[in-house]
Amino acid sequence: MKTLIKVDHLRLGYDHQEVINDLSFDINQGDFITVLGQNGAGKSTLIKGLLGLIKPMKGQITYYLNEREIGYMPQETKVDRHFPASVYEIVLSGALNRVGYRPFFNSKEKKLAVECLKTLHIENLKNNSFGELSGGQRQKVLLARALCATRECLVLDEPSNNLDYDSKEEFYTVLKELHQKGLTIIMITHDLASHEVIGNKILHLDKNNYRMEEVK
Ligand SMILES: Nc1ncnc2c1ncn2[C@@H]1O[C@H](COP(=O)(O)OP(=O)(O)OP(=O)(O)O)[C@@H](O)[C@H]1O
């Protein structure tokens with residue numbers, strides 16, 4: 001099994017405050033890892049580390065994929081829902097990592113954005129404005145945007161926050177479909193109990209007590 005990201009004796013934190021200490025695990029191709037932990041356990045901090053937004057205080061993260069091609073879906077609370085853009089424009093912005101110094105999106109990237117809309121069954125929303133969507137629809141748009149950035153690995157930060165039961169179920173169904181298509185997924189959440197988890201592994205993050213559990 002190919003390893004995509006290797007986390008080795010990692011210590012992460014801010015200034016002199018250590019949040020994660022001595023965490024080691026591998027993210028293998030085809031994994032769907034759910035990260036569970038109490039508020040403040042360091043779930044978002046781990047994501048920032050994986051995305052290279054904060055540097056390890058100790059230990060290391062080794063990437064066996066192009067780091068820039070990790071698709072990231074932020075927490076909805078960190079996204080301005082009144083952002084004046086269409087669904088298509090938001091999804092296409094996921095392809096910015098492919099553009100480099102070119103001042104425009106090419107036809108391949110535009111086609112990819114439409115494909116991502118189709119994959120998530122939201123092609124009908126293409127021309128709607130983001131602000132007029134329901135919570136569940138907005139989450140699918142943000143997922144499509146993350147998908148547009150990668151063919152390989154998605155990192156999702158509390159994607160089902162604020163969704164009602166039905167929208168959550170629908171969202172998880174879409175995630176399972178992506179996983180079955182071969183996407184590697186790391187998802188942090190605090191609204192699932194261990195027995196409800198989707199995916200093949202659970203990373204339990206608790207104060208200096210980390211445990212990777214295989215889901216049967
Ligand atoms: N930018 C920052 N500067 C300083 N401390 C921070 C910063 N971001 C988070 N922290 C602190 O790091 C610790 C872990 O926070 P983090 O957001 O990673 O936890 P979490 O498990 O994602 O929590 P939640 O479930 O509430 O989102 C907390 O004590 C928090 O106050």
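Here, residue 1 is the first one in the sequence, and each next residue gets the next number. Computed from a prediction, not measured in an experiment: that's the story for all the values here. Atoms within a ligand are numbered from 1 in the order they appear, just like the ligands themselves.
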Original post:
Between the main-chain N or O of S167 and the side-chain N or O of D164, is there a donor-acceptor pair closer than 3.5 Å?
Top reply: yes
Subject >> Element-labelled atoms of ligand 1 that are located less than 4.0 Å from some non-hydrogen atom of A41 >> reply: 19 (O), 21 (O)
Original post:
Can you pull the side chain to side chain donor-acceptor pair (under 3.5 Å) pairs that have at least one residue in residues 135-148, sequence neighbours excluded?
Top reply: E76-R138, S93-R145, S134-Q137, K140-E170
Original post:
Any idea which part of Q17 is under 4.0 Å from ligand 1, heavy-atom wise: side chain, backbone, both or neither?
Top reply: side chain
Scan the side chains in residues 173-187 for donor-acceptor partners under 3.5 Å anywhere in the protein, sequence neighbours excluded, and list what turns up.
from: T173; atom 1: OG1; to: E169; atom 2: O; distance (Å): 2.8
from: E177; atom 1: OE1; to: H121; atom 2: NE2; distance (Å): 3.0
from: H179; atom 1: NE2; to: G30; atom 2: O; distance (Å): 2.7
from: T184; atom 1: OG1; to: G30; atom 2: N; distance (Å): 2.8

**OP:** Any atoms of ligand 1 less than 4.0 Å from a non-hydrogen atom of K48? List them with their elements.
**Re:** 8 (N)
Subject >> Taking atom 27 (O) of ligand 1 as the reference point, the nearest protein heavy atom with its distance >> reply: S44 OG, 4.0 Å
Original post:
Which of the atoms of ligand 1 are close to T45, meaning less than 4.0 Å from one of its heavy atoms?
Top reply: 14 (C), 15 (O), 16 (P), 18 (O)
Original post:
Within the structure, does G40 bring an N/O atom to less than 3.5 angstrom of an N/O atom in ligand 1?
Top reply: yes
Original post:
Checking Y210 side chain against N21 main chain: does a donor-acceptor pair fall under 3.5 Å?
Top reply: yes
Original post:
Just which atoms of ligand 1 are under 4.0 Å from any heavy atom in Q38?
Top reply: 21 (O)
**OP:** Around atom 10 (N) of ligand 1, find the nearest protein heavy atom and jot down its residue, atom name and distance.
**Re:** Y14 CE1, 3.3 Å
**OP:** Return yes when at least one protein heavy atom is under 4.0 Å from atom 8 (N) of ligand 1, and no when none is.
**Re:** yes
Original post:
Under 4.0 Å from any heavy atom of V19, which atoms of ligand 1 are there?
Top reply: 12 (O), 13 (C), 14 (C)
Original post:
Mind checking whether Q75 has an N or O less than 3.5 Å away from an N or O of ligand 1?
Top reply: no
**OP:** Mind running side-chain hydrogen bond (donor to acceptor under 3.5 Å, both in side chains) on Y72 and T150 for me, showing each step along the way?
**Re:** CA-CA 9 Å; Y72 169 54; T150 188; over 6 Å; no
Original post:
Is the backbone N or O of E109 less than 3.5 Å from a side-chain atom of N106, with the two atoms forming a donor-acceptor pair by type?
Top reply: yes
Subject >> Same apolar cluster (I L V M F W Y, side chains within < 4.5 Å links), L53/V35 >> reply: yes
Original post:
Taking only heavy atoms of K43, which atoms of ligand 1 are found under 4.0 Å from at least one of them?
Top reply: 18 (O), 19 (O), 20 (P), 21 (O), 22 (O), 23 (O), 24 (P), 25 (O)
Original post:
Any idea which atoms of ligand 1 are less than 4.0 Å away from a heavy-atom of N39?
Top reply: 23 (O), 24 (P), 25 (O), 26 (O)
Original post:
Is the backbone N or O of A149 less than 3.5 Å from a side-chain atom of N97, with the two atoms forming a donor-acceptor pair by type?
Top reply: yes
Subject >> Test item, G37 contacting ligand 1 (heavy atom, 4.0 angstrom) >> reply: no
Subject >> Side-chain donor/acceptor of N209 to backbone N/O of D206, under 3.5 Å >> reply: no
